[in-house]
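What follows is a single structure, written as structure tokens, with notes after it.
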Amino acid sequence: MKIDQLESQRQTLQAELDGKKTQEERNVMGQFSTPIALANDVLNHAKNIFPKRGKVRFLDPAFGTGSFYSALNTVFPSTRIEAATGFEVDKHYGKPALKLWKQTDLNYQLADFTKQTPPDEEEKYNLIICNPPYVRHHHINGQKERLQEKALETANMKLSGLAGLYCHFMALSHPWMKKNGIAGWLIPSEFMDVNYGQAVKDYLLNEVTLLQIHRFEPSDIQFDDALVSSAVVWFKNKKPRNNHKAKFTYGGTIDKPAHERDVSLSTLTKEKKWTRFPLSGEREENNTPKLSDFFTVKRGIATGDNKFFVVAREQIERRHLPLEQFRPILPSPRYLNATEVKADKNGFPDIDNQLFVLDCKLPVDEVKRVYPELYDYLEEGIQAGVSERYLCKNRKIWYSQENRPESQFYCTYIGRSDKEGKKPFRFVLNRSKAIVSNSYLILYPKPHLEKEIEQNPELSEQLLEALNQITGKAMLDEGRVYGGGMHKMEPKELANVPASEISSVLGKALTKRCTGQPKAEPLVSRYTASGCQ
Ligand SMILES: C[S@@+](CC[C@H](N)C(=O)[O-])C[C@H]1O[C@@H](n2cnc3c(N)ncnc32)[C@H](O)[C@@H]1O
């Protein structure tokens, strides 16, 4: 049967199946099908940005009756479609749709996509097109933790408890994509402005190359109501170049938008409200110094499995593991009471229960030859499945950590505030060689500040004091809140925190060094990198 005949049968089927469900039932499952005109627009655009001669391996993880699959067959000749897979959890749509597409090569799985294991590289997909279920977060209670863990593990997407199922779908699809594969997601544009959407934006900024975000004009009556506030998000599965610009388009169609603007990743990183583009441009900066004027903020290391990689000194000694293949690491903020961590004679933190993280760069044969005890330990890790965990599996050497030097300044990353206004985050001055896990953020002084600290070692303490004077409110304005008063800060959010306290300390230090006189008021109100001339 020809595709247009199948499509017309599909539309009849869709209307029939929708009619047998209440609006509430469809809300709970996020069952709103994509009008075929839009599906065709989406696939046409996909074809425009897809390599001209490449074969298509297509995946729709929320298939329904298959409007995108239908559009795929309309837009691409069958000779170019190497594979096509769809997942659908609800038999109500799945069974009749399975029957409808039986004569095609579609691999239709009646299964919960969020519970599937991604395939090996050869079997992955280079075109993912999806209108995922827009299920609100309260309808996914009971599954949230599992989904959140999986999103973090598979796409480095730290989704809050407020994120809808569509965010999880996007994250969980990441390991199904071939390198350089293309994805087009039809999702609510809300993610562009609200707090829970930040994790999606971080993903689009850091993990993939964001190509385009198109929003429809609300007055456009071409599409039904459920879709007018939607955006189509296009990206490529490739880490972005630093100077990359993404296209923001509005109104008209994806390929012929009424408005468009290229926006750099650095602007997008700074901007919280992405819906200002393309109609408005970059926001004017105000002049208050921010932490990013003084520090580069990074996340602590993600080991992939702290239970395996982080070990106590006593265990290292008992198992005769080679200490030189470990780095000291601070305990998680819960177990670290001090604001200043001193160093012992080896540069290890002068605290009870010293911890170390395995960070070995040697190939396994060499480990076996030189450090048989460590080799046995690694074998245990393999048996326990550690080497197969997402982060470990994606490293060149599964038991080596990312190269992240220690710093003097760390900030706790997750915290609780209370009614008394207790500050949810805390800065720590680290005099030791210890690194931190990702339950902290690392503040690396920028070169101009580094130079000041070298010339004036007392400055570190003053800086710590100044950091801890930043008000809880200033930090919470940039961070995000989770259920139960939990607050979290991402590196970029911490970098955005206003830091007049720091410029004041530096202004004073600079005045003292230049004039030999401490002054009550800083010589420069906004410390600049120029230092004393
Ligand atoms: C917004 S509809 C899109 C359907 C179709 N792709 C289209 O564009 O017309 C989302 C579909 O995802 C299905 N769905 C919801 N949760 C799912 C899950 N966990 N796994 C697979 N499919 C799911 C729903 O039943 C629904 O058919």
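Atoms within each ligand, like the ligands themselves, are counted from 1 in listed order.
At a heavy-atom distance under 4.0 Å, no atom of Tyr134 approaches ligand 1. Contact annotation for Phe32 and ligand 1: only backbone heavy atoms (N, CA, C, O) come within less than 4.0 Å of the ligand. For Phe169, every heavy-atom contact with ligand 1 shorter than 4.0 Å involves the side chain, none the backbone. Of the heavy atoms in Pro132, only backbone atoms (N, CA, C, O) come closer than 4.0 Å to ligand 1. Under 4.0 angstrom from ligand 1, the non-hydrogen atoms of Asp60 all belong to its side chain. Heavy atoms of Ala111 found under 4.0 angstrom from ligand 1 belong exclusively to the backbone.
Atom 3 (C) of ligand 1 has Asn131 O, 3.2 Å as its closest protein atom, hydrogens excluded (heavy atom only). Annotation: atom 20 (N) of ligand 1 to nearest protein heavy atom, Phe113 N, 2.9 Å. What sits closest to atom 22 (N) of ligand 1 on the protein, heavy atoms only, is Val89 N, 3.3 Å. When hydrogens are left out, the protein atom nearest atom 8 (O) of ligand 1 is Thr34 OG1, 2.4 Å; that is the closest non-hydrogen contact. The protein atom (non-hydrogen) at minimum distance from atom 7 (C) of ligand 1 is Ser67 OG, 3.2 Å. Nearest to atom 10 (C) of ligand 1 among the protein's heavy atoms is Gly30 O, 3.2 Å.
Between the CG atom in Leu38 and the CD1 atom in Ile254 there is a gap of 6.0 Å [rounded to 0.5 Å]. For the atom pair CG of Asn40 and OG1 of Thr253, the computed distance is 12.5 Å after rounding to the nearest 0.5 Å.
Where the criterion is an N or O separation shorter than 3.5 Å, residue side chain and backbone included, Pro133 fails it with respect to ligand 1. When only interatomic distances are considered, the shortest N/O to N/O separation between Thr65 and ligand 1 does not fall below 3.5 Å. Any N or O atom pair closer than 3.5 Å counts here, and Asp112 shares at least one such pair with ligand 1. At least one N/O-N/O distance between Phe63 and ligand 1 falls below 3.5 Å. Between Ala62 and ligand 1, at least one pair of N/O atoms sits closer than 3.5 Å.
A salt bridge links Asp18 with Arg26: the closest approach of a Lys/Arg side-chain nitrogen to an acidic carboxylate oxygen falls below 4.0 angstrom. With respect to the salt-bridge test (charged N to carboxylate O, under 4.0 angstrom), the residues Glu490 and Arg299 qualify. A salt bridge links Glu282 and Lys270; the closest N-O separation between the charged side-chain nitrogens and carboxylate oxygens is under 4.0 Å. A salt bridge links Arg136 to Glu190: at least one charged side-chain nitrogen sits closer than 4.0 Å to a carboxylate oxygen.
A tilted orientation is assigned to the rings of Tyr108 and Phe63, their planes being inclined by 30° to 60°.
Below 4.0 Å from some heavy atom of Met29 lie the following atoms of ligand 1, by number and element: 15 (C), 24 (C).
Contact annotation: Pro61 has at least one heavy atom less than 4.0 Å from an atom of ligand 1.
For Lys298, the NZ atom sits in a loose shell: 12 or fewer heavy atoms of surrounding residues, nucleotides or ligands are nearer than 6.0 Å. Counting non-hydrogen atoms of other residues, nucleotides and ligands closer than 6.0 Å to NZ of Lys99 gives a total of 12 or fewer.
Checking each of Arg10, Glu88, Gln11 against Thr65 for a side chain to side chain donor-acceptor pair (under 3.5 Å) leaves exactly one that passes, namely Arg10.
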Given Leu43 and Ile129, is the side-chain contact (heavy atoms from CB on, under 4.5 Å) satisfied, shown in steps?
-> CA-CA 8 Å; Leu43 265 297; Ile129 302 290; 4.1 Å; yes
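Between atom 27 (O) of ligand 1 and the options Lys21, Glu88, Lys91, the minimum heavy-atom separation is to Glu88.
Taking both residues in full, the closest heavy atoms of Trp176 and Lys124 are given as O-CB, 3.3 Å, listed atom of the first, atom of the second, then distance.
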